[in-house]
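Quantities reported herein were computed from a predicted structural model and do not represent experimental measurements. Below, chain A is the first sequence line, B the second, and so on; all start at residue 1.
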Protein chains: 2
Amino acid sequence: MVDLRHLSTFVAVAEEGSFSGAATRLRMAQSAVSRTIRDLERDLGKQLFDRSTHHVALTQAGHATLDSARTALAAVDTVRLTAGDAGDCIRCPHDGAKKP
Amino acid sequence: MVDLRHLSTFVAVAEEGSFSGAATRLRMAQSAVSRTIRDLERDLGKQLFDRSTHHVALTQAGHATLDSARTALAAVDTVRLTAGDAGDCIRCPHDGAKKP
DNA sequence: ACGTTTTACGTAGGCCGTAAATATC
DNA sequence: GATATTTACGGCCTACGTAAAACGT
């Protein structure tokens, strides 16, 4: 199953242009980044990066995926925002007098 | 962290109108559905359902979240589609003569 | 009293970090 | 030879299922 962490890791690698850079940004080990991308490529059935040890470049599929991955991540952020913006149930005792 | 499984479980409960119905559709135990919704509500900081043991109704926040959750799930599906549609790297040995 | 949701318990699978190996410049 | 990615190993945490309890109709 494709996971959000897969997607954000993928975007980080694409933006940083390197696995180690993404690992630093995400505060995780490079090995985790490598495995995550590997799993994502396996899930999607497409190679996302052309990597030759010192060069990491997006494949054509990678470019297309990058766009939609960003869209998906934004959509999930929107979930948080809409949930936060939405008023709660008319009579929800658990958030008391939060709204004026 | 909000997970895609959280979202699809939430949508299933909202559409089925019951936890057990969602559990049946998702082929999982009711307890798992209950915990997943609980976790999602905790993550979002909002109650999504008003449940009184025999009635499950979306709260106001639940309605708003349902919309954006569907959008997010569709966006993730789009990731799969775009990745699948996209041509691979010009010279990718691993998927040989897949494209005419 | 029945049906549905929730909690408790124990187990299985996945993810991550550390460390070692591999490959490229 | 140095840097960056990948693989191996061990541990931790999370998620699930089964079973039992709580709640409302």
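Nucleic acid contact for B/Ala29: base, since at least one base atom lies under 4.0 Å from a heavy atom of the residue. Within the 4.0 angstrom heavy-atom criterion, base atoms lie near A/Ser31. Within 4.0 Å of A/Arg35, counting heavy atoms only, lies at least one base atom of the nucleic acid.
Distances from the side chain of A/Arg5 to the nucleotides D/dA15, D/dT5, C/dC16 place C/dC16 closest.
Contact check, A/Arg51 against C/dT24: no side-chain N or O comes under 4.0 Å of OP1 or OP2. Phosphate proximity of C/dT4 to B/Ser34: absent, as no side-chain N or O sits under 4.0 Å from OP1 or OP2. For B/Arg38 and C/dT5, the shortest distance from a side-chain N or O to OP1 or OP2 is not below 4.0 Å. Within the 4.0 Å cut-off from OP1 or OP2 of C/dG3, not a single side-chain nitrogen or oxygen of B/Ser20 is found.
Rounded to whole Å, the distance from CZ on B/Phe49 to C1' on C/dT6 is 15 Å. Taking atom CG of residue A/Asp3 and atom P of nucleotide C/dC16, one finds them 9 Å apart after rounding to whole Å. The CD atom of B/Gln30 sits 10 Å away from the P atom of D/dG17 (whole-angstrom rounding). Distance, A/Glu41 CD to D/dT5 P: 13 Å, rounded to whole Å. In this structure, the CD1 atom of B/Ile37 is 9 Å from the P atom of C/dT6, given to the nearest Å. For the pair B/Phe19 CZ and C/dT4 C1', the computed distance is 10 Å after rounding to whole Å. When the P atom of C/dT6 is taken as reference, atom CZ of B/Arg42 falls 15 Å away, rounded to whole Å. Distance, A/Met1 CE to D/dA15 P: 15 Å, rounded to whole Å.
More than 12 heavy atoms of other residues, nucleotides or ligands lie within 6.0 Å of CZ in B/Arg25, so this atom counts as buried by the packing criterion.
Remark: the backbone N or O of A/Thr82 is not paired with any side-chain donor or acceptor of B/Ser68 at under 3.5 angstrom. Without hydrogens or angle criteria, B/Glu16 side chain to B/Ser18 main chain gives no donor-acceptor distance under 3.5 Å. In this structure a side-chain-to-backbone donor-acceptor pair under 3.5 Å is missing from B/Arg5 to A/Asp3. Side chain of B/Glu41 to main chain of B/Leu48: a donor-acceptor pair is present (N/O by atom type, distance under 3.5 Å, no hydrogens or angles).
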